[in-house]
**Student:** 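This is the structure, below, for whatever I ask next.
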Amino acid sequence: MAIPHLDLSSLRVLVAEDNPHMRSILRMLLTGYGIRRIFEAEDGASALEMIGSRDPDLLLVDWMMPILDGADLTRIVRRSPEPNCYVPIIAVTAHTQRQRVIAARDCGVTEVMCKPVSARGLYLRIANCVLNQRDFVRTKGYFGPDRRRFQSPTFLGAERRGVRRDDGYTLDGPGEVDQSHFETNTRDSMIS
């Protein structure tokens with residue numbers, strides 16, 4: 001797999017990690033990618049405060065933190081007003097069991113990064129957030145990036161994406177958050 005070269009210098013990244021050594025490693029990696037605006041929070045509550053004041057373009061969230069863990073922080077961010085609800089979230093976790101990764105996905109994270117973190121792995125996840133922004137989906141129990149990474153053109157079932165259903169359930173009232181958010185200019189300006 002070819003690694004795309006992106007100009008990430010304009011990206012604002014918030015790192016929410018309770019371990020100071022891991023924060024240092026993540027900061028070093030992000031700086032190595034050319035990212036200059038890196039904000040750090042030592043727990044989920046501090047991260048939540050910083051989201052409103054620092055307006056990050058990307059969150060790196062440790063899954064096991066005091067006060068607010070990664071799951072709670074992700075749920076709160078996804079319920080927040082636009083545009084913060086659309087911020088890409090990369091969950092960083094040492095818990096790599098399949099059910100934990102699925103639980104993180106079901107909370108609304110964009111990507112999952114398992115510890116130990118590699119420079120290549122983190123860069124590819126950030127590049128994926130920039131280059132392959134996914135549509136957001138709102139259902140009765142979920143709001144976040146579309147959990148399905150591909151569309152199957154041969155699937156013809158009733159739950160096929162894009163098929164209108166009159167089930168009496170409306171997702172949003174007038175003036176509420178759109179279900180899809182894509183900023184082509186931001187993405188295109190980062191590709192070099």
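What you are looking at is a predicted structure, and each value in this text was computed from that prediction instead of being measured.
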**Student:** So, for P145 and G108, which heavy atoms are closest and what is the spacing to 0.1 Å?
**Tutor:** CD-O, 3.2 Å
**Student:** Going by side chain to side chain donor-acceptor pair (under 3.5 Å), name the residues that satisfy it together with S46, two or more places apart in sequence or in a different chain.
**Tutor:** D43
**Student:** For a quick test of your reading: what N or O donor-acceptor pairs under 3.5 Å do the side chains of residues 60-71 make, sequence neighbours left out?
**Tutor:**
{"unit_1": "D62", "atom_1": "OD1", "unit_2": "K115", "atom_2": "NZ", "d": "3.2"}
{"unit_1": "D69", "atom_1": "OD1", "unit_2": "A71", "atom_2": "N", "d": "3.2"}
{"unit_1": "D69", "atom_1": "OD1", "unit_2": "D72", "atom_2": "N", "d": "2.8"}

**Student:** Is there a donor-acceptor pair under 3.5 Å between the side chain of T110 and the backbone N or O of I90?
**Tutor:** no
**Student:** Do V13 and I126 have side chains that approach each other closer than 4.5 Å (heavy atoms only, starting at C-beta)?
**Tutor:** no
**Student:** Minimum heavy-atom separation for L131 to P4, with atom names?
**Tutor:** CD1-CG, 3.7 Å
**Student:** Mind listing the closest non-hydrogen atom pair of C107 and R75 along with its distance?
**Tutor:** SG-NH2, 3.3 Å
**Student:** Quick check: closest heavy atoms across V77 and N84, and the distance to 0.1 Å?
**Tutor:** CG1-O, 3.4 Å
**Student:** Under a 4.5 Å cut-off applied to non-hydrogen side-chain atoms, are V112 and R105 in contact?
**Tutor:** no
**Student:** Just wondering, do L26 and L122 contact through their side chains at under 4.5 Å, heavy atoms?
**Tutor:** yes
**Student:** Would you name the heavy atoms of D146 and R134 that are closest together and state the gap between them?
**Tutor:** O-NH1, 2.7 Å
**Student:** Would you say the side chain of Q133 lies within less than 4.5 Å of the side chain of Y86, judging by non-hydrogen atoms?
**Tutor:** no
**Student:** With heavy-atom distances below 4.5 Å as the criterion, would you say the side chains of L29 and V117 are in contact?
**Tutor:** yes
**Student:** Measure the CD1-SG distance between I76 and C85 for me, rounded to the nearest 0.5 Å.
**Tutor:** 14.0 Å
**Student:** Mind checking whether I89 and R78 have side chains closer than 4.5 Å, heavy atoms only?
**Tutor:** yes
**Student:** Is the closest side-chain heavy-atom distance between E111 and C129 below 4.5 Å?
**Tutor:** yes
**Student:** Listed by chain and number, what are the side chain to side chain donor-acceptor pair (under 3.5 Å) partners of D106, not counting sequence neighbours?
**Tutor:** R147
**Student:** Quick check: closest heavy atoms across L73 and A47, and the distance to 0.1 Å?
**Tutor:** CD2-CB, 3.9 Å
**Student:** Residues two or more places apart in sequence or in another chain: which of them pass salt bridge (Lys or Arg N to Asp or Glu O under 4.0 Å) with R23?
**Tutor:** E40
**Student:** Apply side-chain contact (heavy atoms from CB on, under 4.5 Å) to residues L14 and V87 and explain how you reach the verdict.
**Tutor:** CA-CA 11 Å; L14 173 59; V87 68; over 6 Å; no
**Student:** Donor-acceptor pairs under 3.5 angstrom involving side-chain atoms of residues 30-38: please list them, not counting sequence neighbours.
**Tutor:**
{"unit_1": "T31", "atom_1": "OG1", "unit_2": "R27", "atom_2": "O", "d": "2.8"}
{"unit_1": "Y33", "atom_1": "OH", "unit_2": "A119", "atom_2": "O", "d": "2.6"}
{"unit_1": "Y33", "atom_1": "OH", "unit_2": "Y123", "atom_2": "N", "d": "3.4"}
{"unit_1": "R36", "atom_1": "NH1", "unit_2": "T31", "atom_2": "O", "d": "3.1"}
{"unit_1": "R37", "atom_1": "NH2", "unit_2": "S10", "atom_2": "O", "d": "2.6"}

**Student:** For D55, what residues pass the side chain to side chain donor-acceptor pair (under 3.5 Å) criterion, not counting sequence neighbours?
**Tutor:** R12
